[in-house]
2 protein chains.
Amino acid sequence: MELSPTAKVICGMIAFGRRTGYEIKQFVDKTTSNFWSASYGQIYPELKRLEDQGLVVGREEPTGERARTVYDLTPAGQAALEEWLTADRVLIDESRDEGMLKLFFSDVVPEQRIENIRAMRAVHERKLAVLRGIEEQTRFVRTGPYLTLQLGIGVTEFVINWCEETERRLLAEES
Amino acid sequence: MELSPTAKVICGMIAFGRRTGYEIKQFVDKTTSNFWSASYGQIYPELKRLEDQGLVVGREEPTGERARTVYDLTPAGQAALEEWLTADRVLIDESRDEGMLKLFFSDVVPEQRIENIRAMRAVHERKLAVLRGIEEQTRFVRTGPYLTLQLGIGVTEFVINWCEETERRLLAEES
DNA sequence: ATCCTCATGTAACCCGTTACATGATTAA
DNA sequence: TTAATCATGTAACGGGTTACATGAGGAT
């Protein structure tokens, strides 16, 4: 059973512990959103589809009067997840970085170039602060999340340094 | 006139020199695809819309019997492009990196972790080779494309190094 | 001749976000 | 008591990819 893009995060998150749709969204925002995000508009319908396909089971566990469905992986779901994780297929690798695009076209308005780089740096500084926050408040029982966080931090720092150096260099060249 | 996402690359590419839809696609693939891509299915309809909005003008310049429409920016198009480049708005920053997602969930199948990292490295090594190819075969009169290429190369190298180091570390810890 | 590149386009589909709607529970 | 958080959902919309269709020109 081939997993759809969003099914990959959903099943992975459930494999890390039974969860509600709401919790899946929280975890995605807190942990993978840097390289893989998901919205409620995808998560809830996808959970239904996964249940139809027999990859997950939802159990009603309301909090008082408040409806609440907790999902578990079925053996088929676990198998599909493992198949995906071990398969040697072409990996999705998409990115849309408007800061980079503006820098690319910055010769159209050259006076703005330094400003473009500063804006890029600001984006990455905010990102770094978020990642550092996660780093602090999380106990890493699992290595996967730890590794991706470290790589995320490393790349972000690299970009910030590059922005700083480039800004300095461009300012020096101006004079 | 607010530019749609795809209109940003299209107008930028035309600002760098009058082009056909086909040429825009070639340039995008060769230069920005690392952080911003576009398909024919977007480019041709978008060029029509931009012409309706008066931001570009298409001129018929066939090659013999072969139809060919070359686009130029109108003053309004140039203005819209400059407005976008100078505006201080929230920047689109999206990414979907399946290699990272697999690494994140690699505790589900821990024996596979090293393999996941190798696959990630392979992706980035291919990417680096492509970027280095562009670096060689291109004369950089313009700084924007040069800067984004350098940053792309730097980040890619950083990721490759991280993968190598992490792989070594994990192998050492195994024993 | 044949194949690659140039060149333009569209239709079906997939996917995903945004905004909205609703309501219970808990913390301040 | 009021605001934040927990919790579930959907409909409209926008955007983008893939696959297909077509054909001319240039190179081998």
Side-chain angles (χ1 to χ4, degrees), chain A residues 2-10 13-14 18-30 32-33 35-53 56 58-71 90-98 101, chain B residues 2-10 13-14 18-30 32-33 35-53 56 58-71 90-98 101:
Chain A
E2 183 91 18
L3 295 172
S4 76
T6 301
K8 290 168 184 175
V9 225
I10 291 178
M13 286 297 175
I14 297 174
R18 54 202 312 274
R19 291 191 164 95
T20 64
Y22 184 79
E23 285 168 332
I24 290 169
K25 168 76 171 145
Q26 308 307 303
F27 274 91
V28 167
D29 285 350
K30 208 201 307 168
T32 69
S33 58
F35 49 86
W36 198 286
S37 56
S39 65
Y40 288 125
Q42 274 301 108
I43 292 169
Y44 285 111
E46 187 66 34
L47 280 168
K48 291 262 166 81
R49 280 190 288 268
L50 288 169
E51 191 160 35
D52 290 344
Q53 294 167 33
V56 303
R59 293 195 174 82
E60 303 300 322
E61 299 184 9
T63 319
E65 287 303 294
R66 193 206 281 149
R68 192 163 162 273
T69 312
V70 184
Y71 290 88
V90 178
L91 299 169
I92 296 172
D93 181 20
E94 296 163 5
S95 127
R96 280 208 147 184
D97 186 328
E98 195 175 1
L101 195 65
Chain B
E2 184 91 17
L3 294 173
S4 76
T6 301
K8 291 168 183 174
V9 224
I10 292 178
M13 286 296 175
I14 297 174
R18 53 201 313 276
R19 291 192 165 93
T20 65
Y22 184 80
E23 286 169 332
I24 289 169
K25 168 74 171 145
Q26 309 306 304
F27 274 91
V28 167
D29 285 350
K30 208 202 306 169
T32 69
S33 58
F35 49 86
W36 199 286
S37 55
S39 66
Y40 288 125
Q42 274 301 109
I43 292 169
Y44 285 111
E46 187 66 35
L47 279 168
K48 291 262 167 78
R49 280 190 289 267
L50 288 169
E51 192 160 34
D52 291 342
Q53 295 167 33
V56 304
R59 294 195 174 81
E60 303 300 322
E61 300 183 10
T63 319
E65 288 302 294
R66 192 206 284 149
R68 191 163 162 276
T69 312
V70 184
Y71 290 88
V90 178
L91 299 169
I92 295 172
D93 181 20
E94 296 163 5
S95 126
R96 280 210 147 182
D97 186 329
E98 196 174 1
L101 195 65

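The figures here come from the full heavy-atom set of this structure, side chains too, leaving out hydrogens, waters and symmetry mates. Order of the sequence lines fixes the chain letters, A, B, ..., with proteins taken first and strands second; residue numbering starts at 1 for each chain.
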Pairwise side-chain contact, I92(A) with W36(A), heavy-atom cut-off 4.5 Å (strictly under): yes

Nearest-0.5 Å distance, CE of residue M13(A) to CD of residue E23(A): 11.5 Å

Interatomic distance, [X] [atom1] vs [N] [atom2] [rounded to whole Å]:
X	N	atom1	atom2	result
L47(A)	dT8(D)	CG	P	9 Å
E60(A)	dG9(D)	CD	C1'	13 Å
R49(B)	dT10(C)	CZ	P	11 Å
I24(B)	dG16(D)	CD1	P	15 Å
I92(A)	dG16(D)	CD1	C1'	14 Å

With respect to the side chain of [X], which nucleotide from [options] is positioned closest?
X	options	value
Y22(A)	dG25(D), dT8(C), dT8(D)	dT8(D)
R66(B)	dC15(C), dT17(D), dA24(D)	dA24(D)
Y44(A)	dA24(C), dT17(D), dA7(D)	dA7(D)
K48(A)	dG9(D), dT5(D), dG9(C)	dG9(D)
R68(B)	dG15(D), dG25(D), dA7(C)	dA7(C)
P45(B)	dT5(D), dG16(C), dT10(C)	dT10(C)
T20(A)	dG15(D), dA7(D), dA7(C)	dA7(D)
R96(A)	dT18(C), dG16(D), dA7(D)	dG16(D)

N/O (side chain, S4(A)) to phosphate O (OP1/OP2, dC15(C)) under 4.0 Å: no

Phosphate-side-chain proximity, T6(B) and dG15(D), N/O vs OP1/OP2 below 4.0 Å: no

side-chain contact (heavy atoms from CB on, under 4.5 Å) evaluation trace for I14(A) with L47(A): CA-CA 11 Å; I14(A) 297 174; L47(A) 280 168; 4.1 Å; yes

CD/E65(A): more than 12 non-hydrogen atoms of other groups inside 6.0 Å: no

Touch class at under 4.0 angstrom, heavy-atom based, for G64(B) against every strand present: sugar-phosphate

Sugar-phosphate only, base, or nothing, as touched by P62(A) at under 4.0 Å among non-hydrogen atoms: nothing

Minimal non-hydrogen separation, P45(B) against Y40(B), with atom names: CD-O, 3.7 Å

Q26(A) or E65(B), whichever maps to the more 5' nucleotide of DNA chain D: Q26(A)

